[in-house]
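Here, residue 1 is the first one in the sequence, and each next residue gets the next number.
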Amino acid sequence: MTDNTGARLAIGAFPSSPIEDGLLSSLNSYSSLQEIADSNNIILKNIISYQLPNFPSWTTLLNIIDISLAEPSKNLTSSHVYTQNFKNTILQYSNYSKIYTDALKLENNVRIAIIYNNEIITYKLQKELSIYTAEATAILKALEYALEK
């Protein structure tokens, strides 16, 4: 039996999805992506190129992303400490544009907000989206907005 998790993800069929398994059944007869490509006259090396970095990516992200505000334990730290830490962090980046994002998910409502240069931009999203997708969408929209300005 072939594990079709990758095929399910590729066509958007998740275990709870109403999408029929007909396509998955036909894909199960193949043992590899290469066989699928070969049977459809697709040359994978022309469309898939990937080079592994010479270093682990997680070692460089810490140099790019400031996670210092996440270090103190929420249970043991007062809001005043977080506020002061936030102000100190902002001072380090005084020459940069500041973009803030937030997401909200209620029973029948998913919204995001972006604050950029004292301008507030809001979007209403599909109610089926998760809070994680909403947060990611807020970041994406904030970057798109900043690039336009």
Side-chain angles (χ1 to χ4, degrees), residues 2-19 21 23-24 27-28 30-37 40 42-149:
T2 305
D3 179 14
N4 61 20
T5 303
R8 280 186 158 283
L9 291 172
I11 65 169
F14 299 97
S16 63
S17 172
I19 295 174
D21 279 341
L23 178 58
L24 293 176
L27 291 176
N28 281 341
Y30 297 100
S31 63
S32 73
L33 179 60
Q34 186 63 56
E35 285 184 29
I36 296 170
N40 291 287
I42 298 170
I43 301 169
L44 288 177
K45 69 179 183 181
N46 290 344
I47 58 172
I48 299 174
S49 65
Y50 182 75
Q51 182 178 353
L52 291 173
N54 297 329
F55 51 85
S57 59
W58 58 87
T59 61
T60 58
L61 288 178
L62 294 178
N63 297 330
I64 298 171
I65 301 171
D66 183 350
I67 59 169
S68 62
L69 293 175
E71 291 171 357
S73 169
K74 281 188 175 183
N75 297 338
L76 304 173
T77 308
S78 78
S79 61
H80 300 293
V81 171
Y82 277 112
T83 301
Q84 191 57 49
N85 287 350
F86 177 74
K87 289 178 180 179
N88 291 339
T89 301
I90 291 298
L91 286 175
Q92 295 175 30
Y93 301 99
S94 60
N95 294 331
Y96 292 81
S97 296
K98 293 159 190 67
I99 305 171
Y100 302 94
T101 64
D102 197 13
L104 168 72
K105 180 172 176 71
L106 301 173
E107 189 173 323
N108 290 315
N109 200 351
V110 178
R111 294 185 176 269
I112 61 173
I114 300 157
I115 300 173
Y116 180 75
N117 290 338
N118 295 322
E119 184 178 355
I120 300 173
I121 304 104
T122 60
Y123 294 92
K124 183 176 182 181
L125 304 178
Q126 299 169 347
K127 67 180 180 178
E128 297 81 13
L129 295 179
S130 72
I131 188 64
Y132 305 108
T133 302
E135 293 283 2
T137 302
I139 293 168
L140 175 64
K141 290 290 188 187
L143 291 172
E144 289 174 350
Y145 187 81
L147 289 172
E148 288 175 8
K149 297 296 176 179

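Using a 30° and 60° split on the angle between ring planes, F86 and Y100 fall in the tilted class, from 30° to 60°.
Atom-to-atom distance recorded for I90:CD1 and N85:CG is 12.0 Å, nearest 0.5 angstrom. Here the straight-line distance linking atom CZ of R111 with atom CG of L104 works out to 8.5 Å at 0.5 Å rounding. In this structure, CG on L69 lies 8.5 Å from OH on Y82, to the nearest 0.5 angstrom. A distance of 14.0 Å separates CD1 of I99 from NZ of K141, quoted to the nearest 0.5 Å.
Y116 and A146 get closest at one heavy-atom pair: CE1-CB, 3.9 Å. Taking every heavy atom of both residues into account, V110 and A134 meet most closely at CG1-CB, 3.7 Å. Considering every non-hydrogen atom in both A138 and T101, the closest pair reads O-CG2, 3.6 Å.
Around NZ of K98, the count of heavy atoms belonging to other residues, nucleotides or ligands within 6.0 Å exceeds 12. In this structure, Q126 places its CD atom where only 12 or fewer heavy-atom neighbours from other residues, nucleotides or ligands lie under 6.0 Å away.
A side-chain donor-acceptor contact under 3.5 Å links K105 to the backbone of L129.
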### Query
Can you check side chain to side chain contact (heavy atoms under 4.5 Å, CB included) on I112 and T122, steps first, answer last?
CA-CA 6 Å; I112 61 173; T122 60; over 6 Å; no
### Task
Start with the C-alpha distance between T83 and V81, add both sets of side-chain angles, then the distance that settles side chain to side chain contact (heavy atoms under 4.5 Å, CB included), and finish with yes or no.
CA-CA 5 Å; T83 301; V81 171; over 6 Å; no
### Query
So D102 and E135, side chain to side chain contact (heavy atoms under 4.5 Å, CB included) or not? Walk me through it.
CA-CA 7 Å; D102 197 13; E135 293 283 2; 4.1 Å; yes
### Message
I'd like to know whether N109 forms a side chain to side chain contact (heavy atoms under 4.5 Å, CB included) with K124, so could you lay out the CA-CA distance, the side-chain angles of the two residues, the decisive distance to 0.1 Å, and finally the verdict.
### Response
CA-CA 8 Å; N109 200 351; K124 183 176 182 181; 4.0 Å; yes
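Residues Q84 and N88 have side chains that bring a donor and an acceptor to within less than 3.5 angstrom of each other.
Annotation: side chain of T137 is in contact with side chain of L125 (closest heavy-atom distance under 4.5 Å).
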